[in-house]
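Data first, discussion second: the structure below is written as structure tokens.
This one's a predicted model, so the numbers in the text were calculated from it and none came from an experiment. Whatever order the structure lists ligands and atoms in, that order sets their numbers, starting from 1.
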Amino acid sequence: MTTQAQNHTTPASRVAKASIDPFAALGLSKNLCSAVVAAGYTEPTPIQQAAIPPILGERDLVASAQTGTGKTAAFALPILELITDPSLDDPRGEVRALILAPTRELAAQIGQSFETYGRFADLRTQVVFGGVKRSIHERALRVPPEILVATPGRLLDLMSTGDVDLDCVEHLVLDEADRMLDMGFIHDMRKIMAALPQDRQTLLFSATMPAEIEALAKRYMHKPARVAVAPVSATCDPISESVYFVHASDKQRALTALLADREMERGLVFTRTKHGANRVASRLDRAGIPAAAIHGNKSQSARERVLAGFKDGSIRVVVATDLASRGIDVHGLTHVFNFELPNEPEVYVHRVGRTGRANQPGAAVSLCAADERPRLAAIERLTRTKLQRLDERPLLASVPAPEHEPPRRQTPRRQPSRRSRSSGGAGGRQRQPRRRSSRR
Ligand code: AMP
């Protein structure tokens, strides 16, 4: 590996190269541009265009961006640029950038991204999260990594025993800040921020901007630049969104029919509960559609195995709870299925954001039972999109009801309402620039 310093260019030469390389035009040096090309990117995404220049200018930043927009590179690339700047001290030997993420999967993914983009730089990235033996992290942190990606709970734990030293942190990223808030990490986030050097750059990425996040920005950030690329309420453009109105007891059959479609290359099915994820996956298996379940009750190694299989294409269908929805970034994920609609409409946006990533086309198909109608209405209000209504009858007709399933009860009280079926119908309804030198 070469060091970043060897290939740094002057600002003037960067501008000259700008006409050829759109990443260089943003102020990134040669090594990072090469790493980006090696990752297969040709153009910066809108969040990268908007966020990279102010981050390189060492401003604090509040970015309103959902997953799938390329937001990880939007902060990872300029951070790598800043910490490998050859005019500064040797970057090695201290934690210089700290990234906080809500889930293990997202943390692991961010760690991978830093390794991908920083492949030409001689830097270490370490990821720490709960569910892994603490002693493994203690050992790994004995030689401080320059980039530390962490979930808040495990980080606080390691801080409390002095196993991690954050005195030299210059860049802090709060990724998916709204999700950290939802998951009850607000106090942990505050404690961590209070323990970091004040003279640092803080970058906050969030799909939504609830009042608590704004308060956090106000309290801990200095005149942040603000960028917003995709409003919270908008799912990504190239995604087609549709819904079938089916009775709850017909959902498994409808899903089997949808997954049997050869055009469905790789699909992620969302259920609301862990138990539901296991049940749906094993019924799919029995119907001849191999599927793996992923949720919080699975061991870390089992989750990683499933994610690896999903990414390399050996697993075609994964059934997941929402915990997994933030961390899954699978290139070529063509379909997201909502086996059940989520209680909160924002969760729908995040689920759907797993497909159609980096402007690839994707489809999001929801199965809506009669009692889920209010949830559908809330989703359509939030996204200001009317999901396309599809006719469930040909779908259900293509998969016979399994013989081993007990016949439906005939008692009127338990009999499934037919309203949900008839309502579906065929398609008709339709801070000032930081003085880094002061730290040295
Ligand atoms: P993120 O929003 O960071 O989770 O990124 C979503 C996906 O977009 C990931 O698979 C990235 O590898 C990919 N990606 C990020 N930046 C670009 C780019 N400039 N061009 C193409 N794909 C990208």
Side-chain angles (χ1 to χ4, degrees), residues 18 20-28 32-53 55 61 63-81 97 99-119 125 127 147 149 173-180 203-208 227-232 234-239 265-266 268 307-308 310-313 324-334 336 349-362:
I20 358 172
D21 187 338
F23 286 95
L26 296 176
L28 298 172
L32 286 169
C33 294
S34 307
V36 156
V37 169
Y41 308 167
T42 49
E43 290 282 335
T45 63
I47 184 69
Q48 290 160 10
Q49 289 189 17
I52 291 175
I55 300 176
L61 178 92
S64 179
Q66 59 191 69
T67 53
T69 54
K71 70 178 167 59
T72 313
F75 62 78
L77 291 169
I79 286 178
L80 284 165
E81 181 74 38
I99 294 90
L100 292 183
T103 63
R104 309 164 192 192
E105 283 80 8
L106 183 62
Q109 210 166 279
I110 295 169
Q112 267 168 19
S113 297
F114 268 94
E115 275 169 11
T116 302
Y117 308 137
R119 56 190 289 191
T125 301
V127 182
I147 296 141
V149 188
V173 181
L174 305 172
D175 194 18
E176 302 204 348
D178 53 345
R179 184 65 169 171
M180 287 200 270
L203 312 173
L204 187 153
F205 285 75
S206 195
T208 56
V227 300
V229 288
V232 184
T235 45
C236 291
D237 275 337
I239 303 175
E265 286 168 31
R266 227 172 291 178
L268 179 59
L307 274 182
F310 203 30
K311 282 182 181 172
D312 70 22
S325 80
R326 291 287 180 138
I328 292 183
D329 173 20
V330 173
H331 210 71
L333 176 58
T334 53
V336 163
V349 177
H350 295 306
R351 287 182 179 185
V352 168
R354 303 295 96 208
T355 185
R357 289 166 86 73
N359 276 344
Q360 293 298 305

Does the N or O separation between [X] and ligand 1 drop below 3.5 Å for any pair?
X: Ala73; answer: no
X: Gln48; answer: yes
X: Thr42; answer: no

Ligand-side contact atoms (ligand 1) for residue partner Thr72, heavy atom cut-off under 4.0 Å: 1 (P), 3 (O), 4 (O)
Side chain, backbone, both or neither: the part of Glu43 lying under 4.0 Å from ligand 1 by heavy atom: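 The answer is the backbone of Glu43.
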Within reach of ligand 1, part of Phe23 (heavy-atom separation under 4.0 Å):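 Answer for Phe23: side chain.
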Validation row: [X], [Y] side chains within 4.5 angstrom (heavy atoms):
X: Pro44; Y: Ile52; value: no
X: Val36; Y: Gln48; value: no
X: Val173; Y: Phe205; value: yes

Least distance between heavy atoms, Pro53 atom then Leu26 atom: CG-CD2, 4.1 Å
Nearest atoms (heavy-atom pairs only) where Gly27 meets Glu81: O-CD, 3.9 Å
